[in-house]
There are 2 protein chains.
Amino acid sequence: MFGSAYTKQMPKLWNETIDAHRRAVRDAALDATAALVAEHGMLSVTMSRIAEATGIGRATLYKYFPDVEAILAAWHERQVTEHLERLSTARERADHPAGRLHAVLEAYALISHQRHGHHGTEPAALLHQGRHISQAHQQLHDLVRDLIAESVRHGSVRDDVAAGELADYCLHALSAAGALASEAAVRRLVAVTLAGLRPPAEADTVPAAADEEAAAAEQHAHRHRRHAH
Amino acid sequence: MFGSAYTKQMPKLWNETIDAHRRAVRDAALDATAALVAEHGMLSVTMSRIAEATGIGRATLYKYFPDVEAILAAWHERQVTEHLERLSTARERADHPAGRLHAVLEAYALISHQRHGHHGTEPAALLHQGRHISQAHQQLHDLVRDLIAESVRHGSVRDDVAAGELADYCLHALSAAGALASEAAVRRLVAVTLAGLRPPAEADTVPAAADEEAAAAEQHAHRHRRHAH
DNA sequence: CGGCGGTGAAGACATACTGTCTCGTAAAAT
DNA sequence: ATTTTACGAGACAGTATGTCTTCACCGCCG
């Protein structure tokens, strides 16, 4: 029956398949959480408020997420995944390695920049002990790392530092875009960051990291540890 | 009297001045908070636990801090202030501008690196809406900015980007040291970051930021907006 | 020398959040 | 049409929160 008491609270509740419904509720909860974080900060976000803002019962929310931390983590994961898609499309727009790298880094910087308007929300810090790197963030790191490795083979990026370390450097440096005022400033930041990647003059080359050390520095890399040199 | 019931719970309670006592309790609470954050993460840190870990009554803790957020903010402030002192001393160890800049940046990177072992705790994100920049962090930014401006005048750092923006770039980029494995990797990161600061080849120069725009980009700078160019 | 204000610490209380359990109800299967 | 399955909401004990009131200790002054 369509006019039941439930369809009023949650539009098109059972119309689609159950799994789709669960997904919809989950996303709604994540949206509500984002709004609450934006409004009152992270520490005051509570299961009760999220359930209320989502329009579902509090106990129901516990069927989707075990606690607030899980919700924040899921929200963060969704954010990063969206970013990842935007970066992947940005990568396709250029064809030569340097252009791809530039496009991806600029896209990332612009994302960080416009996230600033939404208030500085970097929940990476409060995930329990900052343990496991959020999976999507790992993919993001790998994306940049591979792009850098490509440019290294092409010769447009220094080869005296492991690509994984350079990816960390890029992502952190570009996160500074969140504090910047204008888009032009963001582009300057990208230029500066890219300047750090360029092959240095012979005198400035880093003491050529020993191979085992460079391998160890690839902290997250569980796979291919092929790095030229 | 000295043998009173209180002197057992809180050694040298009234021996020194009251203000010193308050300061001691405050610091003890901050230490306890740091330990709890390290142990159970940030979200599970509560006024009750802090009070218990500090060894004082819960209501007493409310006389020192209004809520958990204030405690975390105070703790973060104390941390950054300590770092600031270490950077200030590091600055004195070199005499020419480039050496000072290198020393300070490396010191900052090493601090970020060893903080990693203590677990990634970057509470800047959860301060209410991420509003006012923690004062000490502002001083840290100014320290680096002035050092960069000095090197710009000396010619060893690019002058096509405002010093304030470069300082943001440096601090964010070096925060990547927290994810690095070895000290050697940290030194490589410093080298890469410094490479981004060096005057670029003419072709790579950024489109020469318009003056008003560069001034606006100095988001926090309330004072001297003199920048050569 | 002994009572007197000042200050800090701790117990008490009403309220809100948490986590779990049980029950009602709608959709789907037989 | 009845049974099965799963979702949603209210209920309940335990805990955190924020405030108020009370108690103990210090220095002061009569």
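Letters A, B, ... are given to chains in the order of the sequence lines, protein chains preceding strands, and every chain is numbered from 1. These numbers come from the heavy atoms of this one structure, side chains and all, not from hydrogens, waters or symmetry mates.
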Side-chain N or O of B:Tyr62 closer than 4.0 Å to phosphate OP1/OP2 of C:dA10: no
d(OH, B:Tyr64; C1', C:dT7) in whole Å: 10 Å
Candidates D:dC20, C:dG8, C:dC21 - which lies nearest the side chain of A:Ala59: C:dC21
Restricting to nitrogen or oxygen on both sides, can you table the protein-nucleotides 13-16 of chain C pairs closer than 3.5 Å?
none

Between C:dC17 (C1') and A:Leu61 (CG): distance, integer Å: 13 Å
Heavy-atom check, side chain of A:Val190 versus side chain of A:Leu110, under 4.5 Å: no
CD (B:Glu52) with more than 12 external heavy atoms under 6.0 Å: no
Atom pair distance, as rounded to whole Å: CD1 in A:Ile71 and C1' in C:dT18: 13 Å
Side-chain donor/acceptor of A:Thr46 to backbone N/O of A:Arg49, under 3.5 Å: no
Ionic contact status for B:Glu183 with B:Arg187, cut-off 4.0 Å: yes
Side-chain ion pair, A:Arg78 and A:Asp31, N-O less than 4.0 Å: yes
N/O donor-acceptor pair under 3.5 Å between A:Thr60 side chain and A:Ile56 backbone: no
Whole-Å gap separating P (C:dA27) and CZ (A:Arg22): 17 Å
B:Ser48 vs D:dT15: side-chain N/O to OP1/OP2 distance below 4.0 Å: no
For atom CG of B:Leu43 and atom P of C:dT18, their distance in whole Å: 11 Å
Nucleotide C:dT18, atom P - distance to NE2 of B:His40 in whole Å: 18 Å
Whole-Å gap separating P (C:dA9) and CZ (B:Arg26): 14 Å
B:Thr46 vs D:dT15: side-chain N/O to OP1/OP2 distance below 4.0 Å: no
Worked verdict on A:Leu30 versus A:Phe65 for side-chain contact (heavy atoms from CB on, under 4.5 Å): CA-CA 10 Å; A:Leu30 260 44; A:Phe65 302 97; 3.5 Å; yes
Value in whole Å for how far the C1' atom of D:dA6 lies from NZ of A:Lys63: 7 Å
B:Met47 or A:Thr60, whichever maps to the more 5' nucleotide of DNA chain D: A:Thr60
